[in-house]
Q: 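Just passing along the structure, written as structure tokens.
FYI, side chains are in, hydrogens and waters are out, and symmetry mates aren't considered; it's all heavy atoms of this structure. Source: prediction; values computed, not measured. So that the names make sense, note that chain A is the first sequence line, chain B the second, and so on, each numbered from 1.
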Amino acid sequence: MYKNLSDNLKLPELEKQVLDYWKENNVFEESINQKNPNKYYTFYEGPPTANGLPGIHHVIARTVKDIICRYKTMNGFRVERKAGWDTHGLPVEVEVEKSLGIKSKSEIIEFGAVEFNNKCKESIFKYLSEWEILTERMGYWVNLESAYVTFHNEYIESVWWALKKFFDANVMYKGFKIQPFCPICESPLSSHEVAQGYVDLKDPSIYVKFKIKSGKYINSDFLVWTTTPWTLPSNVALAVNPKFTYVLIKTGNEQFILCKERLSVIKDEYEVIEEINGSELEMIEYEPLFNFFTLEKKSYYVTVGDFVTLEDGTGIVHIAPAYGEDDYNIGLKYDLPVLQAVSKNGLFREEAKPYAGKNFKEADISILEDLKKSGRLYKKEMFTHSYPHCWRHKKPLMYYATDSWFIKTTSYKDKMIEFNKMINWNPEEFGTGRFGNWLEENKDWALSRNRFWGTPLPIWYYENEDGEIVYECIGSIEELKKKAVNFNEIYPDDSSFDLHKPYIDNIKLLSETGKEMTRVPEVIDCWFDRGAMPFDQYHYPFENKDYFESHFPADFIAEGLDQTRGWFYSLHAISSFIFDKPAYKNLIVNGLILDKDGKKMSKSLGNVVNPFEMLEIYGADILRFYLVFSSPVWKSKLFNIKDLGEIKNKFFDTLINTYKFFVIYSNMMDFNYGKDTFIDVEKRAEIDKWIISKLNTTKKLFFEELDNYDITKAARILYDFTIDEVSNWYVRRNRKRFRTPESESDKFSSYCTMYEVLIEIAKMTAPIAPFISEKIFLNLTDGKSSIHLSEFTSPDDKVISEELENQMALAQKIVYLVRATRVKNNLKVRQPLRQLLVPVLNEEEKLSLLKIKDIILEEINVKELKIVEGDSGIIKKKAKPNFKSIGPKYGKEVKKAQALITGLSNTEIMKIELEGLIDKDGFRITLDDFEIITEDIEGWLVEKSENITIALDTKLDDELITEGIIREFINRIQNYRKNSNFDVNDRITIEMKTDTKISEIIKNHEKLISAEVFCDSINELKNSENDVYITDINETECILKISKTKTKGE
RNA sequence: GGGUCAGUAGCUCAGUUGGUUAGAGCGCGUGCCUUAUAAGCACGAGGUGGGAGGUUCAAUUCCUCCCUGACCCA
């Protein structure tokens, strides 16, 4: 006996039962432990941050990961899956700042670094339980208990080890660079952080007049363009391109110098007075716009540089070395002072009096107004551009000169590019295109952060006799203990040992030369923590040396495409340098999830999909299936709840009902799959062999796609097979056989086949929809193991028969054609017809057709299939040109050849068939040049599609009509039974009232009808009672009263 | 401004060495089938294959330019 699924099955409920089953039986652990430790498949989990709620986009990434891991497990691999949590970095600090109402760095110091970091530690796992619930509920198998956590001392120690590798190899350096800087964080941001925060901004774009102080052009102004008015108080120079031609013009009563190519910016009429080479302008002095600072170095003159372009502006740019990379570099070249009117917190300094205390961006407008008042503003425009913002604070960044530690990734860029070619990217273009470009344009990794909550940069320093700063990098806790002078003072016992700030800041080291060393104040970019996870998660090299080395690189990782510059890069950058190979071999990138209209999900738009809600309504199976099935995973997905319902109706309901169908009848037949009932595939019925062949072909394709990491294609193959081949053809075709098998062996043949098909479908479904597949598997087996502990069997080539599959495809095509003919001629399928004619062109076709004859006839309710052979004379043959053959042959003449071939007569075609070719109108037509199709059969109702033609005999005689009526009658009774919810086994009695012709026919065939509908007696309806069922048969009214037979004792 | 991807029916998506009727599902209309199925089938409506050029006997497919959207970079 097989257990059935309940009629009002609720998938989310079923899933919860399965979850309990897994837990009780440790199925996940078992699925790993039972495998051979030497046959492993390595997966790395990218650590999420648990201080925010998980969203639907986390579900897709986790679904992708889980599918591949489960698939590999079912292929016999040991797939260990260690979870991880990302705990460091600004996101955490920002959350804490919010909760404390802190807005700047100085407030943190006031609050106390110890307390602040404690708060961070507390906040990290604010939503841990939500994450764990989601993980478990969606069926994502990952080992949460052994999760690595980036703030643990061991984790930090491994990061230090890695940092020291960079330091010792001299690829870590302290530099002074213009960096994107968040004034609220008061910290520079790495380029991959900047990448996350571009926002469209409307900014002023202004043309400013700089008055020339002396020399030939004394009464003229330089016309200068800028989009950052707030940098003007820090201006110390101008720059022109020495290669451009500049002009002195007169417009109104003013004279300007600007680039000749940029004259279009002049709004009024003008007259060119003189052309000047850019290089001639060098060193011309001008009057400063503001006088806030007294400068010691020479300033306020024209410099030259190639970075000045013709794209916008006037060809003259203003230079503020503190706030731009080009500016800074030219400042170095000319030894310009670095003026900083705006300080690190984004506010104007005291000295810049009218603007003192103002935010840099907000000061733009006042500066504009002041320039206008002093007559220095030529014109003002507003323009929209995308400007980098802090990805957490959502506030504009400043470009700001700060000192910072870097990893010189540019020094091994070529290696990274080379290693990238070894990685199997899915989709491929992301690797070659997006990631590849990123590597090509690689910049040094800005590693340090002037923050609190992060892995401390393990660098200590002292000043030597020559006044030089000497740095030393610490690579392990042991080294720290050894070199520290006050270790026990700072960390009196084990419980106080914490490598974070501010404790670590108090540790002093003793240098080899006997000097006391102090730690630098910075922490590191938390992307480094994440990118170090391959070895860090095992506390390598301090522990698990062998294990790590054999489990590196990863066979597989997967994340969203937003990780291209994030995790994918940091893994690659660290691994390329330290281990001299890529960190992962295969990866799947998934796209963003947008709402159903293609808009980004955001709280403000209220279009955010809550994953917990989806899991509650539809369940994990449907959600998972939808996410990978509906569109390729790497594409942006337009999430439409409606489509989840479709997945349920189509795939899951079909699968479940196919299963239920099998269970109902196998229990009725007392069938149990096993030795006693097993029949070799070779001995099974043709249609059973067919579905087994199809099954194996499907498995082959399915495995191919998944081995190729194409989950979507695999899911679609499974979907089509289950619905089209199994449910809509195999099961539907065989319902009668299941109910009333011809023989014992026929019964076993069909039931064995069905059982095997169901098990195999369940197995293929298992990685994608792990719950329902588990339930079906458990019900069909002894119920003690798990589908996830089972393994795939390879497709069996011996049972695949292309011939058989083609034959069935032919049968299906013929059936569709006959149905179409019936519809067009208003002939219901219930009305039997005499015969069907199918022309064949050769012996092979004829044999195929004979094999599938019965299937066709039964399906379309026709008595006889007549095969008409090609040479019988009644078929009209037609030639259809084969362009692949005639195209290259005739080139421009192809149209003529086409006409010629289409016009070939029946006899001409037969001649080519016999002789192989024909010469006509200068063309030599051979058999390859066309396909023969049968166009028409004289005197018949013909239907054709592609190269199949059928003809249907639609004449009805008394016998056929009688049979039709009987079928109609049976149909009415069955409909009634179904609509009245009679049990399949209920026996009934029928009373009826209709015209004499129909009555007679029914009476005469009472036995046959009764057997079909489980009826005990058919009598005439005497009284017209109320609860009768009025219907019609072939437009004749028929009144029926159908009741359950009363059994004795009732 | 640059890069990657995408643009095919109202919606979601298929479609490869370039080959002549561009498909499916959902939705819509009509009819049909069926006691496993909220399923299925047939017919119909719905397409200038984003636009413009080019290569070719032949372009949804290859090339160029442009437009739109998403993501990324500057």
Q: Where the side chain of A/N728 is defined as all heavy atoms beyond and including C-beta, which of B/A74, B/A70, B/G40 is the nearest nucleotide?
A: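 Shortest atom-to-atom distance from the side chain points to B/G40.
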Q: When you match A/Q898 and A/T654 each to their closest nucleotide on RNA chain B, which lands nearer the 5' end?
A: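 Closer to the 5' end of RNA chain B: A/Q898.
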Q: Report the C-alpha distance between A/W425 and A/N420 in whole Å, list the side-chain angles of each, state the deciding distance to 0.1 Å, and finish with yes or no for side-chain contact (heavy atoms from CB on, under 4.5 Å).
A: CA-CA 9 Å; A/W425 281 78; A/N420 183 39; 2.9 Å; yes
Q: Kindly say whether A/I60 contributes a backbone atom to a donor-acceptor pair with the side chain of A/N590 at under 3.5 angstrom?
A: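 Not confirmed, A/N590 side chain does not pair with A/I60 backbone.
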Q: Rounding to an integer number of Å, can you tell me how far A/Y626 OH sits from B/C13 C1'?
A: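 Computing the A/Y626:OH to B/C13:C1' distance gives 11 Å.
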Q: Just say parallel, tilted or perpendicular for the rings of A/Y751 and A/F662, cut-offs at 30° and 60°.
A: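 Judged by the thresholds at 30° and 60°, the geometry between A/Y751 and A/F662 is tilted.
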Q: Tell me the partner of B/U17, counting only Watson-Crick (N1-N3 plus N6-O4 or O6-N4) or G-U wobble (N1-O2 and O6-N3) with both under 3.5 Å; none if nothing fits.
A: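 B/U17 is paired with nothing.
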Q: Over all strands shown, is A/I664 touching base, sugar-phosphate only, or nothing at heavy-atom distances under 4.0 angstrom?
A: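 Result for A/I664 = nothing.
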Q: Verify salt bridge (Lys or Arg N to Asp or Glu O under 4.0 Å) between A/D929 and A/R924, making sure each step is shown before the conclusion.
A: CA-CA 9 Å; A/D929 293 342; A/R924 169 162 290 194; over 6 Å; no
Q: With nearest nucleotide decided by heavy atoms, which residue, A/N649 or A/N882, maps closer to the 5′ end of RNA chain B?
A: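 In this pair, the answer is A/N882.
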Q: Classify the angle between the aromatic ring planes of A/F629 and A/Y719 as parallel (below 30°), tilted (30 to 60°) or perpendicular (above 60°).
A: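 The arrangement is tilted - the two ring planes meet at 30° to 60°.
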Q: Both distances under 3.5 Å, Watson-Crick or G-U wobble: report the partner of B/A22, or none.
A: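 The base-pairing partner of B/A22, which may sit in any strand shown, does not exist here.
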Q: For the pair made of CG in A/D643 and P in B/G27, what is the distance, rounded to whole Å?
A: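 These atoms are roughly 11 Å apart.
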Q: For B/A36, does OP1 or OP2 lie under 4.0 Å from any side-chain N or O of A/Y665?
A: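 Yes, within the criterion.
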Q: Strictly below 4.0 Å: does A/K650 bring a side-chain N or O up to OP1 or OP2 of B/G40?
A: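 For B/G40, OP1 or OP2 has a side-chain N or O of A/K650 closer than 4.0 Å.
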Q: Tell me what A/S630 touches on the nucleic acid: a base, only sugar-phosphate, or nothing, going by heavy atoms under 4.0 Å.
A: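 If one applies the 4.0 Å heavy-atom cut-off, A/S630 turns out to touch the sugar-phosphate alone, with no base involved.
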Q: For atom P, what is the distance between B/C26 and B/C72, given to the nearest Å?
A: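 Comparing P positions in B/C26 and B/C72 gives a spacing of 35 Å.
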Q: Looking at B/C5, B/A39, B/C57, which one has an atom nearest to any side-chain atom of A/W634?
A: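 Comparing B/C5, B/A39, B/C57 against the side chain of A/W634, the answer is B/C5.
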Q: Examine the base of B/A36 for any acceptor or donor lying under 3.5 Å from a partner atom in the side chain of A/S727, and report the outcome as yes or no.
A: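 A donor-acceptor contact between them is present.
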Q: Taking the side chain of A/R735 as its heavy atoms from C-beta onward, which of B/C57, B/A70, B/A36 lies nearest to it?
A: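 For A/R735, the side-chain atoms sit closest to B/A36.
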Q: Parallel, tilted or perpendicular: which fits the ring planes of A/F639 and A/Y626, with parallel below 30° and perpendicular above 60°?
A: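 Ring orientation of A/F639 relative to A/Y626: perpendicular.
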Q: Rounded to whole Å, how long is the line connecting atom CZ of A/F652 with atom P of B/G25?
A: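 Rounded to whole Å, this separation is 20 Å.
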Q: Tell me whether the side-chain N/O atoms of A/T658 come closer than 4.0 Å to OP1 or OP2 in B/A36.
A: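 Looking at the OP1 and OP2 atoms of B/A36, neither is under 4.0 Å from any side-chain N or O of A/T658.
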Q: Under 4.0 Å between any heavy atoms, over every strand shown, what does A/K713 touch: base, sugar-phosphate, or nothing? Just pick one.
A: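 A/K713: backbone/sugar contact only, no base atoms under 4.0 Å.
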Q: Looking at B/A38, B/A14, B/U37, which one has an atom nearest to any side-chain atom of A/K648?
A: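 For A/K648, the side-chain atoms sit closest to B/A38.
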Q: Return the nearest nucleotide to the side chain of A/P632; candidates are B/C71, B/C13, B/A36.
A: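 Nearest listed nucleotide: B/C13.
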Q: Rounding to an integer number of angstrom, what distance separates B/A14 and B/U61 when you compare their C1' atoms?
A: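 Taking atom C1' in both B/A14 and B/U61, they lie 14 Å apart.
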Q: Select one nucleotide: of B/U12, B/G19, B/C71, the one nearest the side-chain heavy atoms of A/L638.
A: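 So the side chain of A/L638 is nearest to B/U12.
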Q: What integer number of Å spans the P atoms of B/A6 and B/G50?
A: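 The answer is 13 Å between these two P atoms.
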Q: Partner lookup for B/U35, please. Criteria are Watson-Crick or G-U wobble with both distances under 3.5 angstrom; report none if nothing qualifies.
A: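 WC or wobble partner does not exist here.
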Q: From CZ of A/R967 over to P of B/C32, roughly how many Å is that when rounded to an integer?
A: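 Spelled out: CZ on A/R967 to P on B/C32 is 17 Å.
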Q: Is there a Watson-Crick or G-U wobble partner for B/G44 with both distances under 3.5 Å, and if so, which one is it?
A: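 By the stated definition (distances under 3.5 Å), B/C28 pairs with B/G44.
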Q: Can you check the distance between B/C11 and B/G18, where both ends of the measurement are the P atom (answer in whole Å)?
A: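 Per the computed distance, 30 Å lies between those P atoms.
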Q: State plainly whether the residues A/E963 and A/R967 are in salt-bridge range, i.e. N to O under 4.0 Å.
A: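 Not counted as a salt bridge, because no side-chain N and carboxylate O are separated by less than 4.0 Å.
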Q: Tell me which nucleotide among B/C26, B/A14, B/A38 gets nearest to the side chain of A/K635.
A: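 Within the option list, the nearest is B/A14.
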Q: Determine the interatomic distance between P on B/A22 and the same-named atom on B/G44; round to the nearest Å.
A: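 Between the two P atoms, the distance is 14 Å.
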Q: Pick the P atom in B/U68 and in B/A52, then give their distance to the nearest Å.
A: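 After rounding to an integer number of Å, I get 16 Å for this pair.
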Q: Among B/A38, B/G25, B/C13, which nucleotide sits nearest the side chain of A/E646?
A: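 Looking only at side-chain atoms, A/E646 lies closest to B/G25.
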Q: Checking all strands, does A/I886 fall into the base, sugar-phosphate, or nothing category for heavy-atom contacts under 4.0 angstrom?
A: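 Contact class for A/I886: none.
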Q: Answer yes or no: is there an ion pair linking A/E705 with A/R716, defined by an N-O contact shorter than 4.0 Å?
A: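 A/R716 and A/E705: not salt-bridged.
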Q: What is the nucleic acid contact for A/R732, judged by heavy atoms within less than 4.0 Å: base, sugar-phosphate only, or nothing?
A: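 It contacts base atoms.
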Q: Look at all strands and tell whether A/N971 reaches a base, only sugar-phosphate, or nothing, counting heavy atoms closer than 4.0 Å.
A: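 Sugar-phosphate, no base atom in range.
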Q: Specify the separation, in whole Å, of atom CG of A/L9 and atom C1' of B/A36.
A: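 Going from CG in A/L9 over to C1' in B/A36 covers 14 Å.
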Q: Name the pairing partner of B/A70, where a pair is Watson-Crick or G-U wobble with both distances under 3.5 Å, or state none.
A: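 Base-paired to B/U4.
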Q: Determine the contact category for A/K884: base if any of its heavy atoms lies under 4.0 Å from a base atom, sugar-phosphate if only primed atoms, P, OP1 or OP2 are that close, otherwise nothing.
A: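 A/K884: base contact, heavy atoms under 4.0 Å.
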Q: Can you check the A/L627 CG to B/U12 P distance for me, whole Å?
A: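 Answer to the nearest Å: 16 Å.
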Q: Going by purine N1 to pyrimidine N3 plus the second Watson-Crick contact, or the G-U wobble pair, all under 3.5 Å, which nucleotide sits opposite B/A58?
A: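 In the structure as shown, B/A58 has no Watson-Crick or wobble partner.
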Q: Students often get this wrong, so: under 4.0 angstrom with heavy atoms, is A/V815 touching a base, only sugar-phosphate, or nothing?
A: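 It contacts nothing in the nucleic acid.
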Q: Considering only atom P, compute the distance from B/G40 to B/U48 and round it to an integer number of Å.
A: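 One P to the other, the span is 28 Å.
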Q: Can you tell which of B/A38, B/U37, B/C5 lies closest to the side chain of A/D653?
A: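 Of B/A38, B/U37, B/C5, B/A38 is nearest to the side chain of A/D653.
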Q: How are the rings of A/Y730 and A/F738 set relative to one another: parallel (under 30°), tilted (30 to 60°) or perpendicular (over 60°)?
A: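 Geometry flag for A/F738 against A/Y730: perpendicular rings.
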Q: Roughly how far apart, to the nearest Å, are B/G29 and B/C65 at atom C1'?
A: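 To the nearest whole Å, 43 Å.
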Q: Mind calculating the distance between CZ (A/R739) and P (B/U34) to the nearest angstrom?
A: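 After rounding, the gap between these two atoms is 13 Å.
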Q: When the distance from CZ of A/F661 to P of B/U34 is rounded to whole Å, what number comes out?
A: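 A/F661 atom CZ is separated from B/U34 atom P by 15 Å.
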